[in-house]
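Take a look at the structure below.
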Amino acid sequence: MPRYDAQRIEPKWQAYWDKHQTFRTPDVMGLSDLDRTRKLYVLDMFPYPSGSGLHVGHPEGYTATDIVCRFARMQGKHVLHPMGWDAFGLPAEEHAVKTGTHPRITTEQNINTFRRQLKSLGFSYDWNREISTTDVEYYRWTQWIFLQVFDTWYDPAFEWTGKDGQRRVGKGRPIAELPIPADVKAQGEEAVRRYQDRHRLAYQHEAPVNWCPALGTVLANEEVVDGRSERGNHPVERVPLRQWMLRITAYAERLIDDLEPLDWSESIKILQRNWIGRSEGAEVDFYVGAGAGSVEGGMGRGGEGGTAAAGESSPSTLNAQPSTSFDAWKSHRAANGFPAEPGEDVLRIYTTRPDTLYGATYMVIAPEHPFVARLTTADQKDAVEAYCRKASQKSDLDRTDLAKDKTGVFTGSYAINPVNGARVPVWIADYVLISYGTGAIMAVPAHDLRDWEFAVKFQLPIIPVVQPPAKHEPSKEERALTATINGEERCPFAGEGTAINSGRYDGTTTLEFKKQITAELAKAGLGKKAVNYRLRDWLFSRQRYWGEPFPIWHELDAQGQPTGLMRPDKETELPVLHPHLEDFKPTGNPEPMLSKAPEDWLYKTAADGVRLKRETNSMPQWAGSCWYYLRFCDPKNTQHFIDPAVEKYWLPVDLYVGGADHAVLHLLYARFWHKVLFDRGHVSTVEPFQKLVNQGMILGEVEFTGFWRGPGLETSPEGHPQWSTACGFAGFVSARDVAEKEIEGNSVHVFRRSGESVQSVRVPADQIEKKGEGFILKAEPAISIDARAFKMSKSRGNVINPDKVVEQYGADSLRLYEMFMGPLEQVKPWSMSGVEGVFRFLGRVWRMVADDRADDVKLSPAVQDVPASEAQLRTLHKTIKAVTEDIEKMSFNTAISRMMEFTNEISGQEPRPKSILEPFVLLLSPFAPHLAEELWELLGHGGSLAYTPWPRAEEKYLVENEVEIPVQINGKLRAVVRVPAGADQAALKAAAESHEAIAPQLAGKTIAKCVVVPGRMVNFVVKG
RNA sequence: GCCGAAGUGGCGGAAUGGCAGACGCACCGGAUUCAAAAUCCGGCGAGGUUCACCCCUCGUGUGGGGUCGAGUCCCACCUUCGGCACCA
């Protein structure tokens, strides 16, 4: 009695594909046909093999790509479809801390679980190409690429033609080609090396890390929540540490520009553009002199005495007499131009509104700005130091969270506005970030909301310099900042208009003003046009064990201290393996884990006698995922990271599918590395991923939540309060009377009327009905209930385990259900009865072909070698056409409905011609490959159908003799007429007019107009 | 706050500007069965009308606008979800 038995069929075909290497991609070298129009590279975002195994979210994207690949193979495409593991990362290391198990062992176990699970779903990966970022032979090349980045500097002015044949400006060039200024060269070899190091795309920089003293370890950003450790809720400090940075900002412009032609959704492109955050404006130097006082001749350095001089300045008097040293400085600038480095006598600021320079009434520098000490006068010293200390302890989050309240402190010093010679006080405030622009701003309170807020709080002068357009209404935010100044209600204006109080520029429009003043400042050597990015350089080091070690050595002096000079490992010395560690306990200080390595790993003496210490930071998890798509093309190559001919054939990835959570960082980082490799001639395309699709998240089953006041609840075995009918209904309050509140970081529900807190409880669906907009309790219709699907999480207990689904319904059902749920890119809730539904469909397909009453597997007696009827052929070819088009559009849910329609129609018929069932099985095969293979075999074919040509929809079977055409009167449907398929306008109109339901309605009325669309519809517009 | 996506039956969803609700789930009725499971057939937006077949009105978040005709296009707003959030 063989029913549809997924448990029998699926392992059988998985073993068959394995044994026959059905999905093995032939090597490019062995291909006679290198026609690139035939190649298709389809890539899934490879998973992090976590200890909890596969999640139902994974097979969603993986099934979609698998369908595309199986479909493409049957259309004769040469498909590359690999899978691997993004296996470095924290959890394995944390497990090691707890149990002492080496992360490599944990990782291997997890990978084995993932591989088994993926194989059980029947994906057509070429498992010969499986790679893990933790493989020694893989990260050897990750380290190699790092060395390429290390060996590169960015020349923004370089004009060249890339491997793609395009002419462009700006190139990552070998460090050996970096021009060395004569004065640097004169200082000797060491100075040259340090100069080069400053220009590399991989460079070192002091940056704060999250150091948690209680845990004795450095934490990743995602392990820090609200300034405390996620684990244990201990305080986290920000301590500066030497870090590796990658100069991604050098590529910001190209990362924006090259986005344009890609086949990505516009919203992802916008997300990336916003992340890069390009802004255009000007850099302007404000003179602070040798302490903003007087300067005798030349451009003397500030020095120790500088701050004292500033202290002598009179307090905030705008438009005071410019000092003579300011004049001297200006003429020096006019003669020599705007210097690349600002020097010590000026504060360099960045602004997008150079047109508001006349309204600058003070300046602000970030607490970390290098000029803080210099500009602080003796009497302000204590206040400034206290402020900066406090600021350094705040995390970025604290600084932004406290946005409502501006803080700051006056340095005691003044700067001089280059456009009008006004003396403006210099303040320190943490609303200015050291990491953006120059870390210093000119404040124009009249036209900047933040500056306004600050100026109001500290009573600094506000000078309007932009006249709003005549019918300007202040925006919401502007109005919110309304303040009483000198007895007058005023608010800031951040928009564009015409200049006032701006000397000879009065009357100029904002746009024109910007252009003019930028040009004039440039001519006077006081400023220049500048572009800034919100994007920061990429902090590329972690203090972990389970990441790629850096192939870098630090030179040590006689005392064993690092000199700051570095030596990369030679290519032939790669890979740099992990040192052996006995235990994985944290170091107990902010030093990286690898500093616990044995001496012989940490130190060596170079041939020239210099003592060297290894870099002890490790690379972030992003590193391995930045280039895996390249390695998949040539995973076993021991000579190159990828063979150039292979790269040229397969790249770019034609379709890349993954979660939207990687829409920004992973894609940006990978694109950046790809561009560096392109500039250095290692890859032939500018972009790695031609088409990108983000699958939507799968949520848990819909839950109904009620709110309960007072006692009377039961307790679940896990100890959570629980409701059942036995509790009655008296304790419920309406969901619409409940508000969500944050109390000490936890969200709690409170009853609006009394403020008392209430319990949220799950209510079974059978207690609920729909009323109007929402849901209510059947028993208590006044009580409204929340209905929502939540993200799957262990704590909520709504996680669906794919293994269980496969066990109960089979992989084909899981695959089909995930595709049938709705559009791939949409967020959608899980529903077990939906799985049941597609399972029943597969059962119907089975019975349409196989005899489920026989004792062994054989064809249904209704399936016969008889010619198909016209109607059957039309059904088949309509289905072929629709399914084919839907797969091409990646509209898998509608493709499946089409196949259901076919089955509904054909399965009841007898006899069922083999000739229409066979093509149908082929249509089904990308979606439910195991069942399709089994039925294909049953229909008398040997071997796999994986390379059988895809059925073609033939037009001749699609034409209908008669069609139904809707007839409307005044746009409302009134009848349907049957007419011959090719009926022209006149015939259609005639048929419509004479229709028994229409004729009486037209009688005696004037037909004002008649719209006839052949093959579509007829509409009479009548009067009277 | 800014940017993006989306609001269609009880639920998931379908509809090149042309018959709204395909397909599936849930539910209801029937057949089969000793009975059940499984399976098969039928019904299923709301309201009205009718013995019945039929037919009519309303209906795609809200309000407006264009069109012979709008779920689809335009304007304004509301709600939900995602991202960013002192970036000068």
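Sequence lines set the chain letters: A, B, ... in the order given, protein chains first and strands last, and positions in each chain run from 1. When reading the values below, keep in mind they use all heavy atoms of this one structure, side chains included, and skip hydrogens, waters and symmetry mates. All figures in this text were calculated on a predicted structure; none of them were measured in a lab.
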**Request:** Examine B:rG24: is either OP1 or OP2 under 4.0 Å from a nitrogen or oxygen in the side chain of A:N904? Give yes or no.
**Result:** yes

**A:V1021 vs A:M900, nearer the 5' end of RNA chain B by closest nucleotide** = A:M900

**Prompt:** Between B:rC56, B:rA85, B:rA22, which nucleotide gets closest to the side-chain atoms of A:R974?
**Reply:** B:rC56

**C1' atoms of B:rG69 and B:rG83, separation to the nearest Å** = 39 Å

**Prompt:** Would you say A:Q968 reaches B:rC19's phosphate, i.e. side-chain N/O to OP1/OP2 under 4.0 Å?
**Reply:** no

**Asked** Any chance the side chains of A:T894 and A:S891 put a donor and an acceptor closer than 3.5 Å?
**Response** yes

**Prompt:** Distance only, no hydrogens: is a donor on one side chain within 3.5 Å (strictly under) of an acceptor on the other, for A:S435 and A:R536?
**Reply:** yes

**Contact under 4.0 Å: A:K972 side-chain N or O vs B:rC55 OP1/OP2** = no

**Prompt:** In whole angstrom, what separates A:K828's NZ from B:rG7's P?
**Reply:** 14 Å

**Asked** A:R847 has a side chain; which of B:rC84, B:rA26, B:rC40 sits nearest to it?
**Response** B:rC40

**Prompt:** Is the phosphate of B:rA88, meaning OP1 or OP2, less than 4.0 Å from a side-chain N or O of A:R348?
**Reply:** no

**Complete:** Among B:rG24, B:rG18, B:rA14, the one nearest any side-chain atom of A:R844 is B:rG24

**Request:** Could you label the plane-to-plane angle of the A:F454 and A:F458 rings as parallel, tilted or perpendicular, counting under 30° as parallel and over 60° as perpendicular?
**Result:** tilted

**Prompt:** Considering only side-chain heavy atoms of A:I441, which listed nucleotide, B:rC23, B:rC3, B:rA88, is closest?
**Reply:** B:rA88

**Message:** Less than 4.0 angstrom between a side-chain N/O of A:N893 and OP1 or OP2 of B:rA14, yes or no?
**Reply:** yes

**Request:** With sequence neighbours excluded, tell me which residues meet salt bridge (charged side-chain N to carboxylate O under 4.0 Å, His left out) with A:R796.
**Result:** A:E703

**Request:** Consider the side chain of A:V1011, meaning its heavy atoms from C-beta on, and name the nucleotide among B:rA14, B:rG24, B:rG18 that approaches it most closely.
**Result:** B:rG18

